[in-house]
J.: 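One structure coming up, written as structure tokens, with questions to follow.
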Amino acid sequence: MPELPEVEVVRAGLAPAVVGAQIVAVTVLDDRALTRHPGDAVSFEAGLAGRTFIAAARRGKFLWLPLDTGDTGDALVGHLGMSGQLLLRASGAPVERHERVRLDIRHPVHGDLAVVFSDQRTFGSLAIDRLIPTPDGAAGGWGADAAVVPTQVAHIARDPLDAAFADAHFRAALRTKRSAIKRVLLDQTVVSGIGNIYADEALWAARVHPETAASDLATRTVTRVLTEVRTVLEKALAEGGTSFDAQYVNVNGQAGYFAHSLNAYGRGGEPCPRCGGPIVRDSFMNRSSHYCPRCQRRR
DNA sequence: TATTTTACCTGAGGGC
DNA sequence: TGCCCTCAGGTAAAAT
């Protein structure tokens with residue numbers, strides 16, 4: 001499932017091939033891939049054809065590729081949802097099984113390539129969106145030099161690996177939240193980039209029960225949670241992300257290795273790597289939650 | 001206003 | 001073999 005590390009792997013893989021490349025042709029095979037786009041497929045194709053990507057940026061799980069002709073200030077925005085993939089293929093490569101959109105691009109160094117958006121469950125989407133200034137004046141996200149974000153990303157908080165992420169603001173926000181800490185970690189308007197897998201992993205590492213009320217956490221505990229969030233995200237990024245099956249792959253279609261490093265997620269019934277007690281798998285917020293009831297005691 | 005629930009979607013895998 | 005059911009979960013709209 002693409003969370004911050006997986007999306008960053010995709011962004012970093014895409015950047016050298018798309019920055020400086022001109023869009024030669026756009027093919028929309030399935031309109032459901034444009035649910036975030038304000039217009040129809042025709043306007044999407046017309047809005048991209050002939051233009052050049054000038055950067056590859058990311059905040060949390062959102063990606064965007066700013067376009068040239070700066071007076072309009074817009075970008076191609078993408079979210080991978082549950083099963084979205086952005087693949088780099090040779091020009092003229094056969095259509096992928098779940099291909100939704102294809103961009104044929106021409107790069108001054110790499111030549112003709114295809115950027116393929118493939119998505120089994122169609123929760124992901126692409127859109128053309130306007131860029132607006134960031135309230136704090138800092139760069140919009142990773143890979144972005146300009147202090148702008150797409151309007152669709154403006155309400156998303158900075159992610160914990162962003163240099164402009166404000167730890168003090170995060171701690172203050174948690175003091176006012178009576179919701180469970182896991183729910184707050186998954187709230188992209190509080191902190192972005194964390195999904196179900198890394199929420200479980202970070203809380204296990206910080207020894208915090210997922211249903212503890214955020215406002216009940218001591219400041220030093222919040223600091224520990226944030227530290228563990230960063231540690232697990234950075235480690236997963238270094239290992240190329242988490243892949244359980246063909247759902248998440250990099251731009252070349254290769255899987256990541258972090259699934260081998262998971263301590264709690266997906267290990268219900270198995271011994272806790274720290275204390276040996278059984279990891280519990282609970283239902284929480286219509287999804288699964290994994291934790292060690294011995295290490296992660298509820299207050 | 002703040003928080004919680006639901007809809008969206010497809011394919012894999014288990015039970016029978 | 002094949003049908004039906006459950007599960008996976010990020011986002012945003014809808015409901016509470």
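In what follows, every chain begins at residue 1, and chains take the letters A, B, ... in the order their sequences are listed. Since the structure is predicted, the reported quantities are computational estimates derived from the model, not experimental observations.
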J.: Regarding A:Arg183 and A:Glu211, does a basic nitrogen lie under 4.0 Å from an acidic carboxylate oxygen?
T.: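 So A:Arg183 does not pair with A:Glu211 through a salt bridge.
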J.: Pairing donors with acceptors under 3.5 angstrom, does anything connect the side chains of A:Thr242 and A:Tyr198?
T.: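 Present: a donor and an acceptor within the cut-off.
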J.: Ignoring the backbone of A:His155, work out which of C:dG10, B:dG11, C:dA12 is nearest its side chain.
T.: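 Nearest nucleotide to the side chain: C:dA12.
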J.: Applying ring pair (Phe, Tyr, Trp, His ring centres under 6.0 Å) as the test, list every pair that has at least one member in residues 260-299 of chain A; sequence neighbours left out.
T.: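 Qualifying pairs: A:His209-A:Tyr291, A:Phe244-A:Tyr265, A:Tyr265-A:His290.
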J.: Looking at A:Arg51 and A:Asp68, does any basic side-chain N land under 4.0 Å from a carboxylate oxygen?
T.: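 Judged by the 4.0 Å cut-off on N to carboxylate O distance, A:Arg51 and A:Asp68 do form a salt bridge.
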J.: Using 4.0 Å as the upper bound for N to carboxylate O, is an ion pair formed by A:Asp282 and A:Arg287?
T.: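 Salt bridge flag = no for A:Asp282 with A:Arg287.
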J.: Take atom CD of A:Gln152 and atom P of C:dG10, then tell me their distance rounded to the nearest Å.
T.: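 Answer to the nearest Å: 19 Å.
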J.: Taking 4.0 angstrom as the limit, do A:Asp216 and A:Arg178 come out as a salt bridge?
T.: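 So A:Asp216 does not pair with A:Arg178 through a salt bridge.
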J.: Could you work out, with side chain to side chain contact (heavy atoms under 4.5 Å, CB included) as the rule, every residue matching A:Leu113, not counting sequence neighbours?
T.: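 A:Ala17, A:Ile105, A:His110.
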J.: Which pairs pass salt bridge (Lys or Arg N to Asp or Glu O under 4.0 Å) with one or both residues in residues 147-158 of chain A, sequence neighbours excluded?
T.: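 Found A:Asp136-A:Arg158, A:Arg158-A:Asp162.
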J.: If you look only at pairs with a residue in residues 15-47 of chain A, which of them pass as a ring pair (Phe, Tyr, Trp, His ring centres under 6.0 Å), with sequence neighbours excluded?
T.: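 Qualifying pairs, neighbours excluded: A:His37-A:Phe44.
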J.: In residues 249-272 of chain A, which ones come under 4.0 Å of DNA chain C, going by heavy atoms?
T.: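 Heavy-atom cutoff 4.0 Å gives A:Tyr265.
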J.: State which of B:dG11, C:dA12, C:dG10 makes the closest approach to the side chain of A:His98.
T.: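 Selected nucleotide (nearest to the side chain): B:dG11.
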J.: Mind calculating the distance between CZ (A:Arg58) and C1' (C:dG10) to the nearest angstrom?
T.: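 In whole Å, C:dG10 C1' lies 16 Å from A:Arg58 CZ.
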J.: Using a 4.0 Å heavy-atom cut-off across all strands, classify A:Thr35 as base, sugar-phosphate, or nothing.
T.: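 Here A:Thr35 touches no strand at all.
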J.: With no hydrogens and no angle check, do the side chains of A:Ser289 and A:Lys182 hold a donor and an acceptor under 3.5 Å apart?
T.: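 Yes.
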J.: What N/O pairs connect the protein and nucleotides 4-7 of chain C at under 3.5 Å? Give each pair on its own line.
T.:
none

J.: Determine, for A:Trp64 and A:Arg59, whether the Lys NZ or Arg CZ falls below 6.0 Å from the six-membered ring centre while staying within 45 degrees of the axis.
T.: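 Judged by the rule, A:Arg59 and A:Trp64 form no cation-pi pair.
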J.: Using nucleotides 13-16 of chain C, report all nitrogen or oxygen pairs with the protein that are shorter than 3.5 Å.
T.:
none

J.: Quick one, which residues of residues 178-196 of chain A touch DNA chain C with a heavy atom under 4.0 Å?
T.: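 Under 4.0 Å from DNA chain C: A:Gln188, A:Gly195, A:Asn196.
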J.: Starting from the first five and the last five pairs of the helix from B:dA2-C:dT16 to B:dC16-C:dG2, work out the angle between the resulting helix axes, to 10 degrees.
T.: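 Overall, the helix from B:dA2-C:dT16 to B:dC16-C:dG2 bends by 50° from one end axis to the other.
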J.: Quick one: do A:Arg224 and A:Glu228 make a salt bridge, cutoff under 4.0 Å?
T.: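 Salt bridge between A:Arg224 and A:Glu228, a charged N being under 4.0 Å from a carboxylate O: no.
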J.: Looking at residues at least two apart in the chain, or sitting in another chain, which of them share a ring pair (Phe, Tyr, Trp, His ring centres under 6.0 Å) with A:Phe62?
T.: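 In terms of ring pair (Phe, Tyr, Trp, His ring centres under 6.0 Å), with neighbours along the sequence ignored, A:Phe62 is linked to A:His79.
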J.: Atom CZ of A:Phe284 to atom P of C:dG10: distance rounded to whole Å?
T.: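 Taking CZ of A:Phe284 and P of C:dG10, I get 12 Å after rounding.
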J.: For the pair A:Arg106 and A:Asp112, find out whether any cationic side-chain nitrogen is under 4.0 Å from an anionic carboxylate oxygen.
T.: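 So A:Arg106 pairs with A:Asp112 through a salt bridge.
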J.: Do any of residues 225-239 of chain A sit with a heavy atom less than 4.0 Å from DNA chain B, and if so which?
T.: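 The answer is none.
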J.: List, with names and distances, any nitrogen or oxygen atoms from the protein found under 3.5 Å away from nitrogen or oxygen atoms belonging to nucleotides 6-9 of chain B.
T.:
{"residue": "B:dC9", "atom": "O3'", "partner": "A:Arg32", "partner atom": "NH1", "Å": "3.1"}

J.: For the pair A:Arg58 and A:Glu8, find out whether any cationic side-chain nitrogen is under 4.0 Å from an anionic carboxylate oxygen.
T.: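 Here A:Arg58 pairs with A:Glu8 in a salt bridge, since their nearest N and O are under 4.0 Å apart.
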